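In this text the structure is predicted, and so the values were computed from the model without any measurement. Sequence lines set the chain letters: A, B, ... in the order given, protein chains first and strands last, and positions in each chain run from 1.
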2 protein chains.
Amino acid sequence: MELRQLRYFLAIAEEESFRRASERLHVSQPPLSRQMRDMQVEMGVELFAPEGRGIRLTAAGKAFAERARNILASVDTAVDEARGIAQGRLGSVHIGFETGTTFMGAFLSLIAAFRKRTPGAGLQLSPMSSIEQWAALRSRKIDFGYGVYAPTDDALGHLEMSRDRLGLLLSPEHPLARNKTLNLADIENEHILLQPRQLYPRLHADLITAARLRGVTLRVAAEVLDLEALMALVVIGDAVTFVSEKFWEPASQVSLLWRPVDDLDLYLSEFAVWRREDEGTPVVRALVDSAKQAGRGAADC
Amino acid sequence: MELRQLRYFLAIAEEESFRRASERLHVSQPPLSRQMRDMQVEMGVELFAPEGRGIRLTAAGKAFAERARNILASVDTAVDEARGIAQGRLGSVHIGFETGTTFMGAFLSLIAAFRKRTPGAGLQLSPMSSIEQWAALRSRKIDFGYGVYAPTDDALGHLEMSRDRLGLLLSPEHPLARNKTLNLADIENEHILLQPRQLYPRLHADLITAARLRGVTLRVAAEVLDLEALMALVVIGDAVTFVSEKFWEPASQVSLLWRPVDDLDLYLSEFAVWRREDEGTPVVRALVDSAKQAGRGAADC
DNA sequence: CTCAATGTTACCCAAAAGGTATCAATCTGT
DNA sequence: ACAGATTGATACCTTTTGGGTAACATTGAG
C-alpha cells in the first residue's frame, strides 16, 4: 500500500470516474486501473463495482474513501508540523531555571521576548540549580538554562544576562544604618545571614575570602533556607544579609535599606546557558536572540 | 511523499540507527539513506542530526515520528475496516419496512437473525410502503425492503416471508359467531371495516372481486386508518373486519374471534425485497440468508 | 445498429527502488 | 596515539515498478 494509490483512489472516488480522475491527476487512465487493481488485490477488498459503462463505489469503497481522505490530510498536517518545528514556529522547549532569585530578574523578559517571537511554541519550565542545569543540558533533558553561574564546559554556550553588585541589606533601625558608607570592617561583628550554600555554592566562600583579603573575618550566623524567614530576621534588626542591588528593588515596599560595601567588590550574575551544538536549531536560536534582546546584550562565551 | 518513506523513517526513528533499521526492514542500508534524503528535501525539514558516528532525531523528527506512527496505524485500520465491510462484519444497512402490520411478523425474526449473524453492522430502519421501498431500492436510498407485495421489477429479488389466510375477525357477541363455518354469503349484509387503501392497495379490490365471483356483493362500511379505533368498533360488535390469521394471534388477549371464510381464498403475504445486483454484496447476502432462516424458507423469485 | 464513451489488457520505455562496493567520520581498545 | 571496527553517505549497477500508447470489450445513446 502506498500513498500514491490512496491519492489515485481518492481522486477516482471523488470523480466517480477513472477517466475524469486521470485528467485531474495528470496521468493517463490505464495506470490508474492497474494501481487500483493492485491495491484491491493487496487489500483483498473490492472497492469498485461496474455500473453501466462507468463504475461506482462499493460500501467498502465509500468507507475507505473517507479514511483515505483523513490519512492524506494527516500526512500534510504532519509535514506542516515538522516544518513549523524546524522553523521554530511550533514545538516545545524545556527550560531549566534557577530557583528563587531569578524569577524576578531578566528571566521574565527573556521568556516574554521568546513568547512574543514564537507564539506557537510550548514552554516547559523546570526549577533546578545551575549545576543541575548543566547536567540536564548535557543529557538533553532540557534545551536551555537560566542560572547564576557561567558554565565552564566548552560544549555549553552562555550569555551574562545581568550583573549586580553585592551589598548589605539591613534594617533602618540597625546601628549601621546611620553610616553613609560601609566597609567590611564595620560588619565584622554583625550577625550575617545568608541563603543556603546549595543555592549559591560559591557566594559563601567568595564572601569570606574577599573579607579575609581585607583582613576582616566575617561570621556567618546562619544559612536560612526560606527567603521570607531570612527577611523577617533582617527586618527585626537583629541581623544583616548580603543581596544584589537589583534583587532588592522589586521588594522595596518592605522598609529595608540596601548599602554597598566600599571595599567589597563582589557581583552576582545571571546567565542564560545552552548547548553549543544546538545553536543551529531554530528554537535555541530564538531563545538566544531573545536572551540578547532581554539582557544587556553583551555576549561573552 | 510515500508510505514506504514513512515506514523507513519510523523504523529508523525507533531503532535510532539506519543500520539496525535496515536489518529490521530487510533492506540494505544505502536505500534508507537515499529515501530519507529525498523525503527531507521534499519536506524541507531536517529530521536527523549526526551524533557521534550515528544519528539522533531532531525535535521536528521526533514529532514527525509520532505522526508517522499514527498515519501508518490509520492505514491499517482503514484496510481492516474496508475488509470488514466487504465481508459484512462491519458497515451499515438501510432497510425500508412496511408500516404497521409487519412489525409483529417475521420481520422481527429476520432482524434478530441478521443482528446475530453480523453484530458489527449498523442498522437503519425507515418506515415506507412496499411501493416506496421499490423506488428507494432503485435509487439506492435503501438496501433492503420488507413489505406486503412482491415486486414485479425483474431487477429486484424477493422472498415470501409469510403467507396467511385472510379471514373474518368478529366479536364473540356477534350473531355470526355461533356459526362453525362461514361463507361469503353470510356476511353479505354485515358492516365491513378495512384498513385504508394506502396500506393495502390491492386488498380492497381483491376482496370485492373475490366476493363478486361467488355472486356476493360485499359492502365496505368504512376505511379506518387507526388500527386501535378499528378494533374498538369490532369489539363493540357493530362491525367485522378482515385480517390474516397470524396477525390476530399476538393480540389475542382481546376477546375477538378469527374465522376462516370457506369460499374466500385470499392470502396476505410479507416479502423481503432487495436489488438483484446486490446479491453479491456481503450485507445483502447476510440479509437474504437471515430472511430465509427467519421465514418459511420458500424462495420464489 | 452504429458510434461514442468507459474501463481493461498488452506492450514498451522511463523512472525509481534496491544491492554491492567503497569512502569519510568517529568511536573503541590497547 | 594509533589500528581496527562501526556507522552513515556516495557511486554505480541491476531489478522492479510506474506511466504512456495502442488495441479491445462492454455499454449506452441516437
Atom pair distance, as rounded to whole Å: [atom1] in [X] and [atom2] in [N]:
X	N	atom1	atom2	result
Leu25(A)	dG20(D)	CG	P	10 Å
Phe48(B)	dT7(D)	CZ	P	16 Å
Arg7(A)	dG19(D)	CZ	C1'	16 Å
Ile55(A)	dT27(D)	CD1	P	15 Å
Glu2(A)	dA15(C)	CD	P	20 Å
Phe18(A)	dG19(D)	CZ	C1'	16 Å
Arg20(B)	dT6(D)	CZ	P	13 Å
Gln5(A)	dT17(D)	CD	P	11 Å

Inset, instruction - Go through the steps for Glu2(A) and Asp38(A) under the test side chain to side chain contact (heavy atoms under 4.5 Å, CB included), then give the verdict. - result: CA-CA 11 Å; Glu2(A) 287 299 333; Asp38(A) 293 349; over 6 Å; no

Inset, instruction - In plain terms, say whether Arg19(B) and Glu23(B) are close enough for a salt bridge, that is, a side-chain N and a carboxylate O under 4.0 Å apart. - result: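 A salt bridge is present here (some side-chain N lies under 4.0 Å from a carboxylate O).
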
Inset, instruction - Indicate yes or no: does Asp80(A) engage Arg89(A) in a salt bridge with an N to O separation below 4.0 Å. - result: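 No, no charged N to carboxylate O under 4.0 Å.
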
Legend entry - Whichever of Glu51(A) and Val27(A) has its nearest DNA chain D nucleotide further upstream toward 5':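 That would be Val27(A).
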
Inset, instruction - Ignoring the backbone of Arg53(A), work out which of dA5(D), dT27(D), dG18(C) is nearest its side chain. - result: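 The answer is dT27(D).
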
Inset, instruction - For the residue pair Thr58(A) and Glu46(A), confirm or rule out a side-chain donor-acceptor distance under 3.5 Å. - result: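 Judged by distance alone, the side chains do not pair up.
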
Inset, instruction - Would you mind classifying the nucleic acid contact of Tyr8(A) as base, sugar-phosphate or nothing, using non-hydrogen atoms under 4.0 angstrom? - result: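 Counting heavy atoms under 4.0 Å across all strands, the contact made by Tyr8(A) is with sugar-phosphate only.
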
Inset, instruction - Report, as yes or no, whether the 6.0 Å neighbourhood of atom CD on Glu16(A) holds more than 12 heavy atoms from other residues, nucleotides or ligands. - result: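 For Glu16(A), atom CD is not crowded (no more than 12 foreign heavy atoms under 6.0 Å).
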
Inset, instruction - Determine whether more than 12 heavy atoms belonging to other residues, nucleotides or ligands lie under 6.0 Å from atom CG of Asp154(B). - result: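 Result for CG/Asp154(B): open.
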
Legend entry - Residues touching DNA chain C, which here means a heavy atom under 4.0 Å, drawn from residues 28-46 of chain B: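 DNA chain C contact set from residues 28-46 of chain B: Ser28(B), Pro30(B), Pro31(B), Arg34(B), Gln35(B).
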
Legend entry - Side chain Glu270(B), main chain Ser162(B), donor-acceptor under 3.5 Å: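 Not confirmed, Glu270(B) side chain does not pair with Ser162(B) backbone.
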
Inset, instruction - Give a yes/no answer on whether the side chain of Ser17(B) brings an N or O atom under 4.0 Å of OP1 or OP2 in dT7(D). - result: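 Checking Ser17(B) against dT7(D): no side-chain N or O falls below 4.0 Å of OP1 or OP2.
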
Legend entry - Any Arg19(B) side-chain N or O less than 4.0 Å from OP1/OP2 of dT7(D):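 For dT7(D), OP1 or OP2 has a side-chain N or O of Arg19(B) closer than 4.0 Å.
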
